[in-house]
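A note on names: the letters A, B, ... follow the listed sequences, proteins ahead of strands, and every chain is numbered from 1.
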There are 2 protein chains.
Amino acid sequence: MAEKGEANRQRIVDAANALFYQKGYNQTSFSDIAEAAGVARGNFYYYFKTKDDILAAVIIHRMHGIELMLEDWERQFHDPRARLKRYVTILLNSRDDILRYGCPLGTLNVELSKTQLQQQSQAREMFELFRIWLERQFHALGHQDDARDLALQLLARSQGISLLTNVYSDPAFLQREADRLSAWLDAL
Amino acid sequence: MAEKGEANRQRIVDAANALFYQKGYNQTSFSDIAEAAGVARGNFYYYFKTKDDILAAVIIHRMHGIELMLEDWERQFHDPRARLKRYVTILLNSRDDILRYGCPLGTLNVELSKTQLQQQSQAREMFELFRIWLERQFHALGHQDDARDLALQLLARSQGISLLTNVYSDPAFLQREADRLSAWLDAL
DNA sequence: GTCTATAATACGATAGAC
DNA sequence: GTCTATCGTATTATAGAC
């Protein structure tokens with residue numbers, strides 16, 4: 001049945017999504033994913049021919065989630081500054097995950113950029129979704145000339161905060177730096 | 001001969017050091033290292049029993065290099081602000097490597113923190129060398145209360161800059177953000 | 001669509017001759 | 001101290017029965 005198959009496929013993508021984040025892409029095996037998804041290893045190849053295919057599906061899945069989230073934020077907040085500050089609060093909302101595994105976007109891109117440039121160019125598109133959305137908010141705030149610049153700055157600072165928070169397992173640092181980012185947005 | 005052995009050992013560490021940076025730790029095999037070092041695979045285990053041992057040796061090697069560099073900076077610059085600005089220029093000096101492979105400290109920690117926490121705690125010590133040194137400079141600049149805070153801020157911003165520079169392969173972004181960091185140090 | 005069995009390869013690691 | 005040969009395991013991936 002197509003329905004049953006589609007449900008299995010989605011469970012594989014969900015399992016791979018979590019494992020790629022928690023273990024890294026290269027350190028996650030087909031067996032790991034099959035076990036977590038509750039799908040027999042052999043049956044696995046019915047849905048995905050190669051590991052690359054799974055990664056591509058996971059990235060598309062994540063991008064879809066990001067798009068839904070950004071649309072949700074746009075509905076909830078109409079002030080561009082409020083929208084930018086909502087972005088900063090992801091850091092606090094996903095505190096425990098960042099402490100343990102870092103940022104899902106950043107760590108995946110870092111891993112793939114070493115030896116899998118082709119796939120990293122797909123993973124980079126997740127950053128692009130945020131970059132474009134943030135840029136639009138800075139533009140609406142009156143920053144016509146440096147909206148792109150500010151969006152990349154905000155992305156870079158968020159990534160640096162996530163990375164150090166993870167390296168030092170320091171929740172106090174995360175809180176302090178998130179507050180600092182928020183104050184920076186207020187001062188713009 | 002002990003001399004010949006020591007030279008071989010050093011060549012293995014040098015080769016592993018470069019490969020762990022360029023390919024990542026888990027994506028580098030014994031064969032890769034042996035080939036790059038010009039050492040037969042079997043002979044390999046005479047010097048290092050396990051892959052963990054090589055990583056430990058590489059981290060110690062890197063830490064030694066960092067210590068020498070920091071001592072060199074202290075000899076070259078006596079003004080704490082000049083020393084801090086010297087730190088920022090590493091980003092520019094290692095531009096091509098960052099564009100292609102990211103920051104050696106950051107990317108290794110990110111990789112190990114997922115599934116090799118034990119080894120990550122060793123890799124974190126590389127950050128500690130910089131953190132302690134930067135903290136001392138901020139303290140000398142008159143920041144008695146927030147020297148540690150500022151050191152971690154500078155580390156985080158450098159990491160964020162390296163990560164985005166790598167993800168987007170954007171040398172202009174690197175230059176712009178290094179200038180911004182330098183201006184931030186001037187304004188302190 | 002689902003499963004078992006298994007091929008084919010690469011890996012970390014060891015034994016032992018020289 | 002150096003080398004060849006090889007073990008055992010885990011991996012990606014396939015073939016084929018049901």
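The stretch residues 100-119 of chain B participates, sequence neighbours left out, in these ring pair (Phe, Tyr, Trp, His ring centres under 6.0 Å) pairs: Y21(B)-Y101(B). Residue pairs meeting the side chain to side chain donor-acceptor pair (under 3.5 Å) criterion with at least one partner in residues 33-43 of chain B, sequence neighbours excluded, are S31(B)-R41(B). Applying the ring pair (Phe, Tyr, Trp, His ring centres under 6.0 Å) test to residues at least two apart or on different chains, none of the pairs has a partner in residues 138-162 of chain B.
Between R180(A) and D149(B) there is a salt bridge, since at least one side-chain N of the basic residue sits less than 4.0 Å from a carboxylate O of the acidic one.
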Once base and sugar-phosphate atoms are separated, protein heavy atoms under 4.0 Å mark nucleotides 13-18 of chain C, 5' to 3', with B, S and - as BB----
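Taking the side chain to side chain donor-acceptor pair (under 3.5 Å) definition, one finds that D52(A) meets it with Y25(A), Q119(A), sequence neighbours left out. Checked against side chain to side chain contact (heavy atoms under 4.5 Å, CB included), L129(B) has the following partners two or more places apart in sequence or in another chain: M63(B), I66(B), E67(B). Taking the side chain to side chain donor-acceptor pair (under 3.5 Å) definition, one finds that R95(B) meets it with nothing, sequence neighbours left out. For the side chain to side chain donor-acceptor pair (under 3.5 Å) test, residues two or more places apart in sequence or in another chain that qualify with S158(B) are Y87(B). K85(B) pairs by the side chain to side chain donor-acceptor pair (under 3.5 Å) definition with D186(B), not counting sequence neighbours.
Listed pair Y46(A) / dT14(D) fails the phosphate criterion, with no side-chain N or O lying under 4.0 Å from OP1 or OP2. Distances shorter than 4.0 Å separate some side-chain N or O of S29(B) from OP1 or OP2 on dC11(C). At the phosphate of dG1(C), neither OP1 nor OP2 sits under 4.0 Å from any side-chain N or O atom of N8(A).
Across the protein-nucleic acid pair, D32(B) atom CG and dA10(C) atom P stand 12 Å apart, rounded to whole Å. One atom, CD of E35(A), and another, P of dA10(D), lie 13 Å apart when rounded to the nearest Å. Counting to the nearest Å, the P atom of dA10(D) and the CG atom of N26(B) are 16 Å from each other. Protein atom CZ of F44(B) is 13 Å distant from nucleotide atom P of dC3(D), rounded to whole Å.
Both V39(B) and Q27(A) sit near DNA chain D, but only V39(B) has its closest nucleotide nearer the 5' end.
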Distance-only donor-acceptor pairs under 3.5 Å for side chains of residues 68-76 of chain B, two or more places apart:
| unit_1 | atom_1 | unit_2 | atom_2 | d |
| --- | --- | --- | --- | --- |
| E74(B) | OE2 | W133(B) | NE1 | 2.7 |
| E74(B) | OE2 | R136(B) | NH1 | 3.3 |

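Residues of residues 13-25 of chain B that place a heavy atom closer than 4.0 Å to DNA chain D do not occur. The stretch residues 109-120 of chain B has no heavy atom under 4.0 Å from DNA chain C, so no residue of it qualifies as close.
Taking CD1 of I12(B) as the start and CZ of F30(B) as the end, the distance is 10.0 Å to the nearest 0.5 Å.
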